A.B. asks: 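Quick one: the structure is below, questions incoming.
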Amino acid sequence: MPVAEFRFFRQVNGRGQFGWVRVVADSGSGQVTVNLDPGVEITSNGFVLSLENPEAVEWAQGAVGGCGEALELVQQEGLGPGGWARVLSIRGATVDTCRESVRIAALMATWNALTGGQQPLTMAFRDDRWDVQRT
């Protein structure tokens with residue numbers, strides 16, 4: 001099963017955005033399934049957060065959403081029948097990490113796991129959201 005991680009760091013309007021996500025993903029039966037690994041580790045500034053922490057919940061939701069978007073994009077691009085992804089870890093920083101930065105990091109990590117990094121994507125920031133397109 002391919003494991004991949006993506007560390008996202010960009011400046012937008014003078015503010016840093018950071019997210020680092022590690023996933024395991026594989027193509028599958030045409031259904032899209034995403035979940036958190038039972039042992040998922042979510043850290044902020046090096047400190048482990050529990051899923052009872054609102055910040056950890058927000059980041060987890062962003063990661064799951066990004067993985068799902070990547071799986072759907074694989075289907076749309078005709079590169080596979082969908083599949084599954086499991087979030088292994090999320091790293092962030094209290095000041096620079098938000099749901100959106102974790103979402104794009106998870107999307108890129110999942111995409112790279114499923115394509116072996118052989119199908120590059122370009123990221124662009126529009127309307128307070130990161131979008132991707134094939135290069």
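All figures in this text were calculated on a predicted structure; none of them were measured in a lab.
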A.B. asks: Out of curiosity, Arg134 CZ to Gln76 CD, how far, rounded to the nearest 0.5 Å?
C.D. replies: 11.5 Å

A.B. asks: Backbone N or O of Thr97 within a donor-acceptor pair of the Ser101 side chain at under 3.5 Å?
C.D. replies: no

A.B. asks: Which atom names give the shortest non-hydrogen contact between Val102 and Gly62, and what distance separates them?
C.D. replies: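 Scanning both residues completely, I find the closest heavy atoms to be CG1-C, 4.2 Å.
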
A.B. asks: Find the distance between CG (Leu73) and OG1 (Thr115) and round it off to the nearest 0.5 Å.
C.D. replies: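 The distance works out to 9.5 Å.
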
A.B. asks: Do Leu51 and Leu49 belong together in a cluster built from hydrophobic side chains that touch within less than 4.5 Å?
C.D. replies: yes

A.B. asks: Once you round to the nearest 0.5 Å, how far does CG of Leu79 lie from CG of Leu114?
C.D. replies: 9.5 Å

A.B. asks: Looking at residues at least two apart in the chain, or sitting in another chain, which of them share a salt bridge (charged side-chain N to carboxylate O under 4.0 Å, His left out) with Glu100?
C.D. replies: Arg103

A.B. asks: Kindly give the heavy-atom pair with the smallest separation between Ala105 and Phe8, and that separation in Å.
C.D. replies: CB-CB, 4.0 Å

A.B. asks: Distance-only check: which donor-acceptor pairs under 3.5 Å involve side-chain atoms of residues 9-22, not counting sequence neighbours?
C.D. replies:
from  : atom 1 : to     : atom 2 : distance (Å)
Arg15 : NH2    : Val95  : O      : 2.8
Gln17 : OE1    : Trp130 : NE1    : 2.7
Trp20 : NE1    : Glu5   : OE2    : 3.2

A.B. asks: Using 0.5 Å steps for rounding, measure from the CG atom of Asp128 to the SG atom of Cys98.
C.D. replies: 10.0 Å

A.B. asks: Okay, side chain of Asn112, backbone of Met108: is any donor-acceptor separation there less than 3.5 Å?
C.D. replies: yes

A.B. asks: Using every non-hydrogen atom in the two residues, find where Ser50 and Ala56 come nearest and quote the distance to one decimal.
C.D. replies: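 Heavy-atom minimum between the residues: O-CB, 3.3 Å.
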
A.B. asks: Pick out which of Glu55, Gln61, Glu58 makes a side-chain hydrogen bond (donor to acceptor under 3.5 Å, both in side chains) with Arg99.
C.D. replies: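 Of the listed residues Glu55, Gln61, Glu58, the side-chain hydrogen bond (donor to acceptor under 3.5 Å, both in side chains) partner of Arg99 is Gln61.
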
A.B. asks: How many angstroms lie between atom CD of Gln75 and atom OG of Ser27, to the nearest 0.5 angstrom?
C.D. replies: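 Taking CD in Gln75 and OG in Ser27, the distance rounds to 10.5 Å.
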
A.B. asks: Quick one: do Val40 and Val24 end up in the same hydrophobic cluster if we chain Ile, Leu, Val, Met, Phe, Trp and Tyr together by side-chain heavy atoms under 4.5 Å apart?
C.D. replies: no

A.B. asks: Can you give each donor-acceptor pair under 3.5 Å made by side-chain atoms of residues 84-91, sequence neighbours left out, with the distance rounded to 0.1 Å?
C.D. replies:
from  : atom 1 : to    : atom 2 : distance (Å)
Arg86 : NE     : Asp37 : OD1    : 2.9

A.B. asks: Please report the shortest heavy-atom distance between Cys67 and Val34, naming the atom on each side.
C.D. replies: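 Shortest heavy-atom separation between Cys67 and Val34 comes out as CB-CG1, 3.6 Å.
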
A.B. asks: Check the pair Ile104 / Val132 against side chain to side chain contact (heavy atoms under 4.5 Å, CB included), numbers first and verdict last.
C.D. replies: CA-CA 9 Å; Ile104 195 69; Val132 295; 3.6 Å; yes

A.B. asks: Shared ILVMFWY cluster between Val74 and Met123, side chains joined below 4.5 angstrom?
C.D. replies: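 Same hydrophobic cluster.
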
A.B. asks: CG/Leu121 to CG/Asp131 distance, rounded to the nearest 0.5 angstrom?
C.D. replies: 11.5 Å

